[in-house]
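Here the structure is a predicted model, which is why all the values come from computation and not from measurement. First listed ligand is number 1; within each ligand, the first listed atom is number 1.
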Amino acid sequence: METQSPAFVLTFSCVDAVGIVAAVTGLLAERDGFILDSQQYADLDSGRFFMRVAFRGAGPAFPDDLAGIEAAFAPIVERFAMDARISDSAAKPRFVIAVSQGSHCLNDLLHRWSTGNLAIDIAGVVSNHEHLRRLTEWHGVPFHHLPVSDANRAEQETAILQVMADAGADYLVLARYMQVLSSELSAKLAGRCINIHHSFLPGFKGAKPYHRAHERGVKLIGATAHFVTGDLDEGPIIEQAVERVDHRNSVEDLIRTGRDIEAQVLAKAVRWVAEQRVLIDGRKTVVFR
Ligand SMILES: Nc1nc2c(c(=O)[nH]1)N[C@@H](CN(C=O)c1ccc(C(=O)N[C@@H](CCC(=O)O)C(=O)O)cc1)CN2
């Protein structure tokens, strides 16, 4: 059976101009690149252009490896001052997951990963509680208990970064991690830290959103996955979903319904980020699904 050559993904953003797509696709044609998927978007408000191209080699002119592909695109990246990234689609990005006491999002990610339904590597779990050590270690994933209080917050955050460094992790996922990361840590992890907030943002930011939603009498509840910034629940949104509720639902009902929404929304966001489908556009995102 003929083996498929590896697939690669190029994503970039740059100041919009005439000829960007022609330059990218022209180079691929010159170098025997076969386009598998191509999506682009021009943000007329910011004047920036966004593109994702998945491609593989289909002839002798195609570079031998990722370094060769990067070298081939370098002149175009420089010409348009692109913020660009090229990756091998077979390379699984490495994630560390942070969690406090709620297990539903962590459990869902571990299950999808361990059953081969999420093409990432979960390189470790950090938590400010011991509760979820057994679940984590049952999946064969290292668990790091890093208790935190106002007295040791900076040291604890340094320890989180050390776990990521030791694990060779590209991303941190806050899978119901109930501590606010400092602006310093948020800046260090800009575009690499995903949080699941248990409301349909911008509604009900902060703590206890389900109680406040119930008190407000909402008819829809939801969850929001977003990149983390120093401003609580303000980061660029990656994915959201909602479910209908009504006057008969107790707070406990909302929390129960919300857990499923949170897990599904976070898993989609992690998948899309892992597949290099999410680009940051100021306070927003462009998601090439
Ligand atoms: N820099 C950021 N850090 C975190 C964010 C974020 O958006 N930016 N999101 C939170 C998660 N979260 C909502 O999604 C959230 C977590 C915690 C709180 C909160 O009020 N925490 C209390 C302490 C609660 C506790 O100890 O159990 C507090 O900090 O006083 C609100 C929202 C994760 N980090």
Glu234 N/O under 3.5 Å from ligand 1 N/O
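In fact, backbone or side chain, Glu234 has no N or O that close.
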
Check for a donor-acceptor pair, side chain of Asp233 on one end and backbone N or O of Gly206 on the other, with a separation under 3.5 Å.
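Checked: pair present.
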
Main chain of Phe288, side chain of Arg277: is a donor-acceptor contact present, judged purely on distance under 3.5 Å?
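Judged by distance alone, yes, a pair lies under 3.5 Å.
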
Pair Glu262, His198 - check side chain to side chain donor-acceptor pair (under 3.5 Å), show working.
CA-CA 6 Å; Glu262 293 165 41; His198 37 317; 5.4 Å; no

Could you go through Ser127 and His129, starting from their C-alpha distance and side-chain angles, then the distance that decides it, and tell me whether this counts as side chain to side chain donor-acceptor pair (under 3.5 Å)?
CA-CA 5 Å; Ser127 179; His129 296 281; over 6 Å; no

Going by heavy-atom distance to [atom], choose the closest among [options].
atom	options	result
atom 3 (N) of ligand 1	Leu201, Ile196, Leu181	Leu181
atom 16 (C) of ligand 1	His198, Met178, His197	Met178
atom 1 (N) of ligand 1	Leu174, Leu232, Thr229	Thr229

Locate the shortest heavy-atom distance separating Gly258 from Ile221; write the atom from each residue and the value.
N-CD1, 3.9 Å

Under 4.0 Å from atom 24 (C) of ligand 1, is there at least one protein heavy atom?
yes

Flag: protein heavy atom within less than 4.0 Å of atom 30 (O) of ligand 1:
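False for atom 30 (O) of ligand 1.
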
If you group Ile, Leu, Val, Met, Phe, Trp and Tyr by side-chain heavy-atom gaps below 4.5 Å, do Leu146 and Leu174 land in one group?
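Yes, Leu146 connects to Leu174 through the hydrophobic network.
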
Is Lys219 atom NZ crowded by more than 12 heavy atoms from other residues, nucleotides or ligands, each under 6.0 Å away?
yes

Given Asp231 and Thr229, is the side chain to side chain donor-acceptor pair (under 3.5 Å) satisfied, shown in steps?
CA-CA 5 Å; Asp231 304 317; Thr229 63; 4.5 Å; no

Answer yes or no: is there a side-chain heavy-atom contact under 4.5 Å between Ile280 and Ser13?
no

Numbered atoms of ligand 1 (with element) below 4.0 Å of [X], judged on heavy atoms:
X	result
Val180	3 (N), 4 (C), 29 (O), 34 (N)
Val228	1 (N), 2 (C), 8 (N)
His226	7 (O)
Ser186	1 (N)

Shortest protein contact, [atom] (heavy atom only):
atom	value
atom 11 (C) of ligand 1	Asn195 OD1, 3.5 Å
atom 26 (O) of ligand 1	Gln179 NE2, 2.9 Å
atom 19 (C) of ligand 1	Ala207 CB, 4.2 Å

Heavy-atom pairs closer than 4.0 Å: do any link ligand 1 to the side chain of Asp233, the backbone, both, or neither?
both

Given Glu243 and Thr257, is the side chain to side chain donor-acceptor pair (under 3.5 Å) satisfied, shown in steps?
CA-CA 8 Å; Glu243 287 276 345; Thr257 300; over 6 Å; no

Heavy atom of Gly235, distance to ligand 1 below 4.0 Å:
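No; Gly235 lies far enough from ligand 1 that no heavy-atom distance drops under 4.0 Å.
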
